[in-house]
Amino acid sequence: MTDLSEWKDAAAHRKPTWPLAGYAPGSYMGTCSRCKENAIGLDKRARHCLPCAVDAIKESEEAARAEVRRLRAENEILRAAILIVSSLPASSNIGD
């Protein structure tokens, strides 16, 4: 069984680094550039409130996943094309 002090050490190790997607905690009030709401407890350079920063990260991760899916599909198409071209007899090369 894991000692409680190990969990506390892990929790301390995993503290977020600021700024996080335009948000950082602080003692200022400002307007979020995404939702246009007033937010309290921002750093003076923060552009987003915490909920909008989390949403921005989620959107960024989903866009990255979509790009990976697109690239994998394109890769499969290119692999299939390479197999077709490599299986052609040598006499069918264009330009000979």
Side-chain angles (χ1 to χ4, degrees):
M1 180 132 184
T2 307
D3 185 5
L4 183 60
S5 64
E6 290 178 28
W7 284 101
K8 288 180 182 178
D9 290 342
H13 175 71
R14 297 187 52 110
K15 288 184 180 177
T17 57
W18 307 110
L20 178 70
Y23 169 79
S27 58
Y28 288 83
M29 184 174 120
T31 303
C32 175
S33 65
R34 283 178 65 110
C35 68
K36 307 299 184 212
E37 296 288 327
N38 289 328
I40 299 173
L42 301 176
D43 181 78
K44 65 182 175 182
R45 293 172 295 273
R47 298 182 325 263
H48 300 136
C49 60
L50 182 57
C52 287
V54 170
D55 288 346
I57 291 170
K58 288 179 182 179
E59 291 167 8
S60 175
E61 286 178 355
E62 182 53 40
R65 285 189 194 103
E67 179 68 6
V68 167
R69 286 190 298 270
R70 186 191 69 76
L71 290 172
R72 285 183 178 157
E74 187 176 315
N75 189 19
E76 290 301 316
I77 292 168
L78 291 172
R79 286 177 185 264
I82 289 169
L83 285 175
I84 291 169
V85 170
S86 65
S87 66
L88 293 175
S91 63
S92 67
N93 287 340
I94 299 174
D96 288 342

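Keep in mind that what you see is a predicted model, and the values were worked out from it rather than measured.
Shortest non-hydrogen contact noted between C32 and C52 is SG-SG, 3.6 Å. The two atoms that bring P19 and A24 nearest to each other are CA-CB, 4.2 Å, heavy atoms only. Scanning all heavy atoms of the two residues, the minimum distance from A53 to Y23 falls at CB-CB, 3.6 Å. Minimum interatomic distance between L83 and S86 (heavy atoms only, all atoms of both residues): O-OG, 3.1 Å. A pairwise comparison of heavy atoms in Y28 and D43 identifies CD1-C, 4.2 Å as the closest pair.
A side chain to side chain contact (heavy atoms under 4.5 Å, CB included) with R79 holds for exactly one of I82, I77, N75; it is N75.
With a 6.0 Å radius and a threshold of 12 heavy atoms from other residues, nucleotides or ligands, L78 has its CG atom above the threshold.
The pair R72-E76 does not meet the salt-bridge criterion, since no charged nitrogen lies less than 4.0 angstrom from a carboxylate oxygen.
Residue pairs meeting the salt bridge (Lys or Arg N to Asp or Glu O under 4.0 Å) criterion with at least one member in residues 52-63, sequence neighbours excluded, are R34-E59, E61-R65, E62-R65, E62-R69.
The cluster map of Ile, Leu, Val, Met, Phe, Trp and Tyr, joined by side-chain heavy atoms under 4.5 Å apart, puts L42 and V54 in the same cluster.
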